[in-house]
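Written out below as structure tokens is the structure these notes cover.
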Amino acid sequence: MVFMLPFLVLFGVFRVYAVGYAIVLSFQDIEGIGVTEWTGFSNYRRLLSDSTFFTALRNTALYTAGTLLVLIPVPFILAAVLQSKLVVRQSALRSAFFLPVLTSLVVVGVVFSLLLTTNGLVNSFLGLFGVPAQGWLETRSLAIPAMIIMAFWRWTGINIIYFTTGLSNIPSELYESASVDGAGPIRKFWHLSVPLSKPIILFVTVLTIFGGFQLFVEPLILWGTGGGPGQGGLSVVVHLYRTAFTSFQLGYASAIGVVLALIIMSVSLITLKLFGFFKKE
Amino acid sequence: MTTRARTRLPRSSRHRRRLKLLLLSIIAAGATVLAACDSGGSVSDLEGEEGEENEEQAMEVDPEHEGEEVELEFWTFVDAHADFMMERAEEFNAENSDYNIVINASVADYEDMHDRLLVALQSGAGAPDVVDIEIGRFGTYLRGDVQLHPLTDVVDAHRDELVEERTAPYQLDGVDYGIDYHLGTWVMFYNNAVLEEAGVDVDEIVTWDDYIEAGQQVAENTDAMMTSVETTAPTSLLGLMKQNGGGIYDENNELILDSPENVEAVQLISDMVHEHGIAEAPPGSEHHETAYYEAFNNGEYASVWMPQWYMIRFTEFMPDTEGDMLVRPMPEFEPGGFISTMGGGTGTAITTHIDEEKLDAAKEFLGFAKLTYDAQVALWTDLGFDPFRNDVYDDPALTEPDPWFGDEPVMTNLQEMFDRLAPEYTGPRYPEAIIQLAENVAYEVIEENADPQQSLERGADQVRSVDE
């Protein structure tokens, strides 16, 4: 117990108290310095008519969905390929994939704002396939795709590590007996690797959902004011942050935070349910 | 802020996952990370502000000085401002035997510094004595109980010499709370090489109609475009809005984002883009982007309207424009009307958290550092900014012809615009209005050809809804 105390104290002060206080704040109107008033649910009512919040929510949901689409299957396949005997120098490759994770987000932002310019590397690469140059950072509808490209580069490595760990826990006897039964690599992948990796896929999915809904630093680095062209890159947390620090409405910002927490929780619970997490095994 | 940094692998019990869920919800509810970026002010691209570590700079104490030692904690988001204030402190100490001012400057990036200041003022601990607050954020600090010291008496001592319009953005109910670094006179920068190729005489451009006509000539006779309009920053729109007598607030502190003057100004810009074909979105969508500097440097644009502080960009980032640039007033909307306004700005303020006994020294120093004749000359010589004290414009340092800018005395010409300078007022929701202009109105009008009136009305509704 004594050894846990430092953790418990820090957790209590910086997490439990902070959350509790945020919930309290969400029922108050705090504007300017030292002006506090209890206002019941009015912050929550205001949220319902806040079109900027819904724009941000839509963007954030799209971003999350996009990251799920690329950050689960691609790293999983790459992990399986790295795991197989098809690849030489596995550990070198694994480190190469992992490196982006260690890069400071600010550096990533600066590099990507160069890569994504009209005559940047991303457009040159797409040009090889005949795709015309896009104004990634200047077009409303491309703001989210631009951030997904950035997330893809940044998070593939860590997801490969997760999946590799999951895959290496599958007993090799299963693969051997499948081979004896005449299964090829694709069938083994589809009928052994995928189903047996379900827990780790679930874990990565939930983490990706968390990461997606907390989208914050990326838009702030890519676009000065944080909302992007036509607010196409505005995320819920950026809206929260601006409400707190630009409008200085801490009560309303807390309400946005509480609602975002509830949304993340519900989406995660639905995901867990869909994966059959609550079924008795 | 990311959860992926914690790499604890599954196998875990449900309760660990629930804990994780809880943890993350908590993070979502409360935490935000501070990141670096400026909304495009007078200095944003001149500083290495992206992710820059906080930097402390302290002056050396002169042990010989007989005056009372007064340490002032100074926060800013611009390195050059810290240097500027420390140099003024040295001059102050040399001339003054009562106080020995020691500046402890702390430079953080734009967002970080403003947020920390808010938190410090709110929590009542850790606030600096003296602080730079950017014009776009100043309104935030004038809400509720104002935690800044009135500086009216400091400004009063020099008010007769000042360009009065520059004090308005930092006032609330007639009380001054901040002192700027520049006037930010709005001008038109012309690339005369392009205009000559097109057969346009710059000095025949007097009205916006002349400007459009010249723009069409440029489009016909050269490969260049007359100008560009920022689509993710407020500057291009705001300049014309203010020049036309609009802006964000009026002198009565009323939000006028959707006023007829603003609609007319934005309509004019929209027409330049969509009807006359003489303007477009700049590469990189802003005038502070490398891609844009390159394009302008290559002669792809004949002009750009920006405040005076943009001058340094030509000498720093667009080397091929040397000798070709000309600084002129904005074309007028109506005969005798405004031909300029002001843009950008940073107000230096004293917080109420300063020790009572330091207050007099701090005020005396601030007046010395920002408003005296020598200090205002230094604004130009040290920082390249246009001073807002009228009498310094006769100083030899400001009357010298500038070879980069057509060998003309740019600052002397600038001063001639001061009696036709549209004022600027800020108000409590100025920062929110700036965001609406930058992210919605500019983009919709330029890129999507939205109706300026409807777009401005939507923006104004958004700003008003903050207080509903």
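Protein chains get the first letters and strands the later ones, always in sequence-line order, with residue 1 at the start of each.
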| task | Determine yes or no for a side-chain-to-main-chain donor-acceptor pair under 3.5 angstrom, with A:Gln249 supplying the side chain and B:Val466 the backbone. | result | yes
| request: Measure the spacing between CD of A:Glu138 and CD1 of B:Ile446 and express it to the nearest 0.5 Å. | output: 13.5 Å
| said: Is there a side-chain contact between B:His114 and A:Thr246 in this structure, where contact means two heavy atoms from C-beta onward sitting under 4.5 Å apart? | reply: no
| task | Could you please spell out the steps behind the side-chain contact (heavy atoms from CB on, under 4.5 Å) verdict for A:Leu250 and B:Gln122? | result | CA-CA 11 Å; A:Leu250 297 180; B:Gln122 167 81 357; 4.1 Å; yes
| task | Apply side-chain contact (heavy atoms from CB on, under 4.5 Å) to the pair B:Ser465 and A:Arg46, showing each step before the final yes or no. | result | CA-CA 9 Å; B:Ser465 76; A:Arg46 180 177 155 195; 5.6 Å; no
| said: Just by distance, no angles: are the side chains of B:Gln462 and A:Ser51 close enough, under 3.5 Å, to form a donor-acceptor pair? | reply: yes
| remark: Cut-off 4.5 Å, heavy atoms of chain A, and the answer for B:Val119 is side chain
| request: With A:Arg140 as reference, evaluate B:Glu447, B:Glu439, B:Glu448 under the salt bridge (charged side-chain N to carboxylate O under 4.0 Å, His left out) test and give the passing residue. | output: B:Glu448
| task | Could you check which of B:Thr232, B:Val441, B:Asn440 has the highest count of heavy-atom pairs closer than 4.5 Å to chain A? | result | B:Asn440
| message | Would you say that A:Trp223 contacts B:Glu286 through its side chain, given a criterion of any heavy-atom pair below 4.5 Å between the two side chains? | response | no
| request: May I ask you to test the B:Gln436-A:Gln231 pair for a side-chain heavy-atom distance under 4.5 Å? | output: yes
| field | Smallest separation among heavy atoms of B:Tyr443 and A:Pro229, with atom names | value | CE1-CB, 3.4 Å
| task | Just give me the residue among A:Thr139, A:Ile256, A:Thr243 that pairs up with chain B most often, heavy atom to heavy atom, under 4.5 Å. | result | A:Thr139
| field | From B:Glu294 atom CD to A:Asn119 atom CG, the distance as rounded to the nearest 0.5 Å | value | 7.0 Å
| field | By ring-ring contact (aromatic ring centres under 6.0 Å, His included) - contacts of A:Phe152 (at least two apart) | value | none
| field | Side chains of B:Arg137 and A:Phe245 in contact at under 4.5 Å (non-hydrogen atoms) | value | yes
| said: Does A:Tyr17, at its OH atom, have more than 12 non-hydrogen atoms belonging to other residues, nucleotides or ligands within less than 6.0 Å? | reply: no
| request: Provide the full list of salt bridge (charged side-chain N to carboxylate O under 4.0 Å, His left out) pairs with a residue in residues 204-230 of chain A, sequence neighbours left out, each pair given once. | output: none
